[in-house]
Amino acid sequence: MTRRRHASKITLAPASVRASLPTLAERKRIVARRAQLMKELLRLSIYGRANDKSELKKLMRRYGESEVILVTKIMRAQFTRNKHIIDHAEGYRHYRLGFARFGGARPFLSAAELEELNAEHALLHAKREFKGESTPASRAREAELDDLLQMNWQFWEDLAPLDIPPRPADYPAPADYPAPLASLLDWGWTLDPERIARAAPNWKAHERGLEKILFDETLRNGWPGEPASWAPWHALRLLGEIGAFAFARRLADLCALPNDWLSDLLPEVWARMGTPAEIALWDILDDPQMPPKARGLAAFGLQNLVEDESLPRLPVIRQFAARLAPQKADHPDVAGYIIYTLENLEAVEAKDAISLAFEKGLVNTRIISLENIEFLREEDNGNSG
């Protein structure tokens, strides 16, 4: 059985690098150059020239090889870390990581506040960048939001000193745990799947304790600048790595919790549990009392199990297709997530079920539309030819 590659771990620049940090003015200049470099790399990608060695050499001569490598790495993490379309939790986790390191005196935003301000920032940026609509007031507000949201903090994490925000006096302190669970509260914000894999054998007897840490409000909603607040991430990853499939259904409860910064990890965590998690995932997918988000994540978890060769492809595709039948489909969002999964699996075997679901109006087309399904487009083009 093959396993999907872990996501890249997130680490700080070495102390030797941080000992000779640039001035604020120089930092701003470097960040602006990196932002421009990202635009140029995106332009190459849009025109299908991202792997054009001659173009990359031009950028390396202009910006430096190390800068091209750095920005490419940032882009790869930013644009490929999500395996699916339910990504709000990942976005909030990314914000928490930046705030934990560089938040300083800034206010800590809730997930709802972050989403609202991100939308405002995106609108201002689009008007300025693509429509040329810009005023001193709008530019000032965009700069204010840039700072508050710490936009693209990964552009300057190697350039700026840590500015860890202190926990306010009225913010709940993390709960205490006995050994060995207490050690997990010290692992902090270095989110390293490789460390999880190495440590997993030592945690197989502590499933219940890991589940308690994961759902502990004082930790999961803890102050980002404190190491203990990151223990739920480590606990969730460990539950997957040690194959704690008895908790597979329980993990879906993360989707309904406020300020969620973990649920996007569920498909991969479930896949790490292997075949024994399958029954729980079908139960979640079929439960109309579950939030559509949880049901969609369960579908993506099943997709991961197919891609890991833990489950046979065709039977899973047939089961997905059966759930798109008019008498089975009970929510347009869930139908959208199932079809999105089938598209990822290139499930041409389900083309009739997919077409019928769209024909009957059973699908939320904001999640996926008929035109988004590549293997159907290819078939139509073949027939028209």
Side-chain angles (χ1 to χ4, degrees), residues 10 28 31-32 34-36 38-39 41-43 45-46 71 74-157 165 220-221 224 254-266 291-297 300 331-334 336-337 340 363-369 371-372:
I10 301 174
K28 289 182 177 180
V31 169
R34 288 176 176 176
Q36 181 59 36
M38 177 177 273
K39 287 182 182 179
L41 287 168
L42 282 172
R43 191 175 298 116
S45 179
I46 290 170
V71 174
I74 291 171
M75 288 175 62
R76 187 174 295 119
Q78 182 171 339
F79 295 112
T80 67
R81 60 193 171 211
N82 296 318
K83 301 291 194 301
H84 51 73
I85 55 176
I86 305 175
D87 60 357
H88 294 294
E90 189 280 335
Y92 195 50
R93 181 169 64 256
H94 184 70
Y95 164 74
R96 288 182 96 254
L97 279 167
F99 184 84
R101 301 175 188 191
F102 307 109
R106 296 174 181 85
F108 178 49
L109 304 174
S110 68
E113 290 169 333
L114 180 70
E115 185 176 358
E116 179 181 350
L117 294 178
N118 267 328
E120 181 185 356
H121 180 273
L123 181 61
L124 290 171
H125 177 80
K127 286 183 176 180
R128 175 180 56 80
E129 189 76 8
F130 303 113
K131 295 185 178 181
E133 298 177 7
S134 177
T135 66
S138 67
R139 290 193 297 273
R141 177 58 175 167
E142 187 178 350
E144 179 185 14
L145 290 173
D146 269 338
D147 180 71
L148 180 60
L149 300 171
Q150 297 181 267
M151 302 296 295
N152 293 321
W153 59 264
Q154 64 273 50
F155 273 177
W156 39 264
E157 74 170 312
R220 203 183 60 262
N221 285 330
L254 290 171
C255 301
L257 297 175
N259 298 313
D260 170 27
W261 55 278
L262 291 169
S263 68
D264 66 299
L265 300 172
L266 289 177
K293 174 182 175 181
R295 299 171 70 185
L297 289 169
F300 301 145
H331 198 292
D333 287 4
V334 177
Y337 294 137
Y340 188 91
V363 186
N364 181 348
T365 54
R366 288 176 296 179
I367 292 174
I368 191 167
S369 67
E371 294 74 23
N372 294 138

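Quick note: residue numbers are just sequence positions, from 1.
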Strictly by modelled atom types, are S134 and K127 linked by a side-chain donor-acceptor pair under 3.5 Å?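 No donor-acceptor contact under 3.5 Å links the two side chains.
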Residues R34, I74; criterion side chain to side chain contact (heavy atoms under 4.5 Å, CB included); working and verdict: CA-CA 10 Å; R34 288 176 176 176; I74 291 171; 5.8 Å; no
Just how far is it from atom [atom1] of [X] to atom [atom2] of [Y], taken to the nearest 0.5 Å?
X	Y	atom1	atom2	answer
M151	H125	CE	NE2	8.5 Å
N118	E113	CG	CD	12.0 Å
L114	H94	CG	NE2	10.0 Å
K28	W156	NZ	CH2	12.0 Å
W153	L97	CH2	CG	5.0 Å
R141	T135	CZ	OG1	12.5 Å

Taking all heavy atoms of [X] and all of [Y], pick out the closest pair and write down the distance.
X	Y	result
A100	P224	CB-O, 3.1 Å
P292	H331	CG-NE2, 3.6 Å
G104	P165	O-CB, 3.2 Å
L262	R93	CA-NH1, 4.1 Å
G336	V363	CA-CG1, 3.8 Å

For the rings on W261 and H88, is their centre-to-centre separation under 6.0 Å?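 Between W261 and H88, the centre distance exceeds or equals 6.0 Å.
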Might you work through the side chain to side chain contact (heavy atoms under 4.5 Å, CB included) test for L109 and L149, ending with a clear yes or no? CA-CA 9 Å; L109 304 174; L149 300 171; 3.8 Å; yes
Sub-4.5 Å side-chain heavy-atom contact between [X] and [Y]:
X	Y	value
P332	T365	no
N259	S110	yes
L123	E120	no
N364	V334	no

Could you give me the CA-CA distance, side-chain angles and deciding distance for S138 and R128, then say whether side chain to side chain contact (heavy atoms under 4.5 Å, CB included) is met? CA-CA 9 Å; S138 67; R128 175 180 56 80; over 6 Å; no
Any salt bridge linking [X] with [Y]? Criterion: basic side-chain nitrogen under 4.0 Å from a carboxylate oxygen.
X	Y	value
R101	E157	yes
R106	D147	yes
D333	R366	no
R139	E142	no

Spell out, as yes or no, whether a donor-acceptor pair under 3.5 Å connects the side chain of D260 to the backbone of L257.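 Not confirmed, D260 side chain does not pair with L257 backbone.
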Is the Y95 ring parallel, tilted or perpendicular to the F99 ring (thresholds 30°, 60°)?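 The rings of Y95 and F99 sit tilted, inter-plane angle from 30° to 60°.
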